[in-house]
Peer 1: 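I have a structure I would like to understand better, so I am pasting it below and will then ask my questions one at a time.
The sequence lines fix the lettering, A, B, ..., with proteins before strands; numbering per chain opens at 1.
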2 protein chains.
Amino acid sequence: MTLADVAARAQVSPATVSRVLNGNYPVAASTRERVLKAVDELDYVLNGPASALAAATSDLVGILVNDIADPFFGIMASAIQSEIGGPGGRAGGERLAVVCNTGGSPERELTYLTLLQRQRAAAVVLTGGAVEDPAHGAAVGNKLRRLAEAGTRVVLCGRPPVPEAIAITFDNRGGGRELTEHLIGLGHRRLGYIAGPEERTTTRHRLEGHRAALAAHGIEEDPRWTVYGRYDRLSGYEATLELLRRDPTLTAVVAANDTVALGACAALRDSGLRIPDDVSVAGFDDLPFSIDAVPSLTTVRLPLSEAGARAGRIAMGREEAPPGGIATVRGELMVRGSSGGPRVG
Amino acid sequence: MTLADVAARAQVSPATVSRVLNGNYPVAASTRERVLKAVDELDYVLNGPASALAAATSDLVGILVNDIADPFFGIMASAIQSEIGGPGGRAGGERLAVVCNTGGSPERELTYLTLLQRQRAAAVVLTGGAVEDPAHGAAVGNKLRRLAEAGTRVVLCGRPPVPEAIAITFDNRGGGRELTEHLIGLGHRRLGYIAGPEERTTTRHRLEGHRAALAAHGIEEDPRWTVYGRYDRLSGYEATLELLRRDPTLTAVVAANDTVALGACAALRDSGLRIPDDVSVAGFDDLPFSIDAVPSLTTVRLPLSEAGARAGRIAMGREEAPPGGIATVRGELMVRGSSGGPRVG
DNA sequence: TTGAAAGCGTTACCAC
DNA sequence: GTGGTAACGCTTTCAA
């Protein structure tokens, strides 16, 4: 079942069928009718690889995420995808938005980029924090350059800028700082911090913001107050217990993201502590379910979907790139419930 | 930059380069070395569309999900993907696992299937409940048949069986029944039910289970006790308020999934009711965060990742299809905390 | 407005 | 074990 079959049935040349199907060339209405009818009757579906080969581009748009089970990425991916104009978007250019789950692994990230390069993807959006290994950074930079050279549009979303691409970044430092300042304003002077994986940009930036806040208020940080972990619930649970073991007098815990904060809350509850009477907890992300899990949780509301939507539009060339190729979007502090004061004693 | 360039540089024929790159044909070690060296030096990447065209198959594997922002799908997708043997999986066959977000829309589902068909996908996995519109069901069935005829492996995961594909299904009826029976065992006789979207299979099956439990215990259901909604938090919130307005004497609320249950809990809290002292809440899914949100929430622990893993293996032909092409996996009831008794009065 | 024909970059078959 | 070469199914100039 090929273009030629359709052409034969519609009594036209393959070229005409191609033009009708791509809708990018004037074709007489009556001819179009006939072709469309033939397509319908034969239940014909264009051969993607053949099109891509001949046209030297494909309609694939790759979205790389660190963890597909984390709504943080789900929300962004969803926003990107609706702007891609794929199924459900505006008619015409049927793009295939595909989300690729790297699991946070540098190798997989690179492999996916190669796979996307191999597919001659129309665009690639990389979301979330990056691994800070210099070698890996260079490798990714190279790949991105090659992709761009081959005509693939590359956009970063929630990921630190690199020279090879346009970037929409979150102000992780500012958010981290604001979060901790809020707790300090509540009277806390002894704050534990649960960081994300080491060597991840978001981990470092958020932690830097936290420390800046401490420094600004003349609080000397105890090295025992920081624990590194993964961006998941169990990690938050374990880190909190570890924190409490190291220093039971902590009055607040800051978590590198909401999922981690959830685990922290569970650990606090299991330790017989109450939130926010005994300990205040702050997260970072504002995921839809955290408000249910911890009504008093204070988080930074990251504009996940707005950032994603913008990245999607830029990737499709429907929005101009920001000046300098970098746009930084700010989070807004979400104070929920009464985040209590510090524990006495 | 083509295969020919590499061949020239390595002083071999294009055919040999192809064989080395695909690793599916004996090539002398020394020749292989030379070719690999040339590939490396030229930074050559195979042209996917050209390969797919010539070989008449691609290395794309599509995973359709109803809502990418919902961890329910994220967990399954993640499990499927690791079994696909894509990046990070076992070496060799670099498959591109791509997740496609239908948003629960029948049209998008169909469009994605067409797009995947156009790409000559190696396999397609459809996850989650299906829309129950007969016309749409027929259309999907047709597409699946065509896909299968074209050599694409089609597997359903957490989705009701159709003749055109192998299916791993969840026992939604049984789970729903068990959940409600648990609440009845606690003494509840007046139970509200927040269903998912109408015309969705999971919605219907879970509700049927619920009603079977009521019937088995001689409880006559009040029509006011069931409200339909979407599978999200806000829907759960609103539905609960509606339920409470219709009948303030309810002592328990069953939600069609955990996300909905979270919204229900929020609504109960906002109504001044305590959980589980005043009202018991039950969800359906066992998502990782629900335990934090509502420690006393009772849910069915669906084997999301096991089901996904199995679907992935079957899609890759690494595991035999279940007898009759259908495997039903059972959920396990998760009773957390003390799910209290009914409210007095 | 339409048709003819030359690629696009691989793969796979057939020789050697 | 390796090379030559016809497909693969479409897009796109160039003519008509």
Peer 1: Picking from dT2(D), dG9(D), dT2(C), which would you name as closest to the side chain of Val27(A)?
Peer 2: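 Out of dT2(D), dG9(D), dT2(C), the nucleotide with an atom closest to Val27(A)'s side chain is dT2(C).
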
Peer 1: Return each pair, listed once, that meets side chain to side chain donor-acceptor pair (under 3.5 Å) where at least one residue sits in residues 43-53 of chain B; pairs must be two or more places apart or across chains.
Peer 2: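 Of all non-adjacent pairs touching residues 43-53 of chain B, those that pass side chain to side chain donor-acceptor pair (under 3.5 Å) are Arg146(A)-Asp43(B).
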
Peer 1: Can you confirm whether Glu320(A) is buried at CD, in the sense that more than 12 heavy atoms of other residues, nucleotides or ligands lie under 6.0 Å from that atom?
Peer 2: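 Not more than 12 within 6.0 Å, no.
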
Peer 1: Which pairs, with at least one residue in residues 67-81 of chain B and sequence neighbours excluded, count as a salt bridge (Lys or Arg N to Asp or Glu O under 4.0 Å)?
Peer 2: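 Counting only pairs at least two positions apart or across chains, no salt bridge (Lys or Arg N to Asp or Glu O under 4.0 Å) contact touches residues 67-81 of chain B.
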
Peer 1: Which residues pass the side-chain contact (heavy atoms from CB on, under 4.5 Å) test with Pro161(B), not counting sequence neighbours?
Peer 2: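 Here the qualifying residues are Ala167(B), Thr169(B), Ile326(B).
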
Peer 1: What parts of residues 35-56 of chain B reach DNA chain D, counting only heavy atoms under 4.0 Å away?
Peer 2: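 Listed by number, they are Leu53(B), Ala54(B).
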
Peer 1: May I have the distance from Tyr25(A) (atom OH) to dT2(C) (atom P), rounded to whole angstrom?
Peer 2: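 Distance check: Tyr25(A) OH to dT2(C) P gives 11 Å.
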
Peer 1: Got a sec, which residues hit side-chain contact (heavy atoms from CB on, under 4.5 Å) with Ile166(B), two or more places apart in sequence or on another chain?
Peer 2: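 So Ile166(B) forms a side-chain contact (heavy atoms from CB on, under 4.5 Å) with Ile314(B), Ala321(B), Pro322(B).
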
Peer 1: Rounded off to whole Å, could you give me the CZ-to-P distance for the Arg32(B) and dG1(D) pair?
Peer 2: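 Arg32(B) atom CZ is separated from dG1(D) atom P by 10 Å.
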
Peer 1: side-chain contact (heavy atoms from CB on, under 4.5 Å) with Ala38(A): which residues, sequence neighbours excluded?
Peer 2: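 By the side-chain contact (heavy atoms from CB on, under 4.5 Å) rule, Ala38(A) matches Val6(A), Arg9(A), Ala10(A).
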
Peer 1: Only pairs at least two apart or in different chains count here, so list each salt bridge (Lys or Arg N to Asp or Glu O under 4.0 Å) that has a residue in residues 120-141 of chain B.
Peer 2: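 Every pair satisfying salt bridge (Lys or Arg N to Asp or Glu O under 4.0 Å) with a residue in residues 120-141 of chain B: Glu132(B)-Arg204(B).
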
Peer 1: Please list, chain by chain and in numerical order, all residues satisfying side-chain contact (heavy atoms from CB on, under 4.5 Å) with Ser58(A), sequence neighbours excluded.
Peer 2: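 Scan of Ser58(A) (side-chain contact (heavy atoms from CB on, under 4.5 Å), adjacent residues dropped) gives Ala52(A), Leu60(A).
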
Peer 1: Rounded to the nearest angstrom, tell me the gap between atom CD in Gln119(B) and atom P in dG9(D).
Peer 2: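 These atoms are roughly 15 Å apart.
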
Peer 1: Quick one: which protein N/O atoms are closer than 3.5 Å to N/O atoms of nucleotides 3-6 of chain D? Pair and distance per line, please.
Peer 2:
from   : atom 1 : to       : atom 2 : distance (Å)
dG3(D) : OP2    : Ser13(B) : N      : 3.0
dG3(D) : OP2    : Ser13(B) : OG     : 3.4
dG3(D) : OP2    : Thr16(B) : OG1    : 2.6
dG3(D) : N7     : Arg19(B) : NH2    : 2.7
dG3(D) : O6     : Arg19(B) : NH1    : 3.3

Peer 1: Without decimals, in angstroms, what is the distance between Leu3(A) CG and dA4(C) P?
Peer 2: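 Taking CG of Leu3(A) and P of dA4(C), I get 14 Å after rounding.
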
Peer 1: Using atom CG of Asp59(B) as one end and atom C1' of dT11(C) as the other, report the distance to the nearest whole Å.
Peer 2: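 The answer, rounded to whole Å, is 14 Å.
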
Peer 1: Quick one: Arg34(A) CZ to dT1(C) P, roughly how many Å, whole number?
Peer 2: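 Atom CZ in Arg34(A) sits about 14 Å away from atom P in dT1(C).
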
Peer 1: Please report the distance, rounded to the nearest Å, between CG in Asn24(A) and C1' in dT1(C).
Peer 2: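 Spelled out: CG on Asn24(A) to C1' on dT1(C) is 15 Å.
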
Peer 1: Is any side-chain N of the basic residue among Glu41(A) and Lys37(A) closer than 4.0 Å to the acidic one's carboxylate O?
Peer 2: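 Yes, this pair counts.
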
Peer 1: What salt bridge (Lys or Arg N to Asp or Glu O under 4.0 Å) pairs are there with at least one residue in residues 154-163 of chain B, not counting sequence neighbours?
Peer 2: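 Sorted pair list: Glu109(B)-Arg159(B).
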
Peer 1: In terms of the nearest nucleotide of DNA chain C, which residue is placed more toward the 5' end: Ala29(A) or Val17(B)?
Peer 2: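 Its nearest nucleotide being more 5', the pick is Ala29(A).
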
Peer 1: Please report, rounded to the nearest Å, how far the P atom of dT11(C) is from the CG atom of Leu21(B).
Peer 2: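 Computing the Leu21(B):CG to dT11(C):P distance gives 7 Å.
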
Peer 1: Can you give the donor-acceptor pairs under 3.5 Å from side chains of residues 14-26 of chain A to other protein atoms, not counting sequence neighbours?
Peer 2:
from     : atom 1 : to       : atom 2 : distance (Å)
Thr16(A) : OG1    : Ser13(A) : OG     : 3.3
Ser18(A) : OG     : Asn22(A) : ND2    : 3.4
Asn22(A) : ND2    : Ser18(A) : O      : 2.9

Peer 1: Over the length of the helix from dT1(C)-dA16(D) to dC16(C)-dG1(D), how much do the five-pair end axes diverge, rounded to 10 degrees?
Peer 2: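 Computed angle between terminal axes is 30°.
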
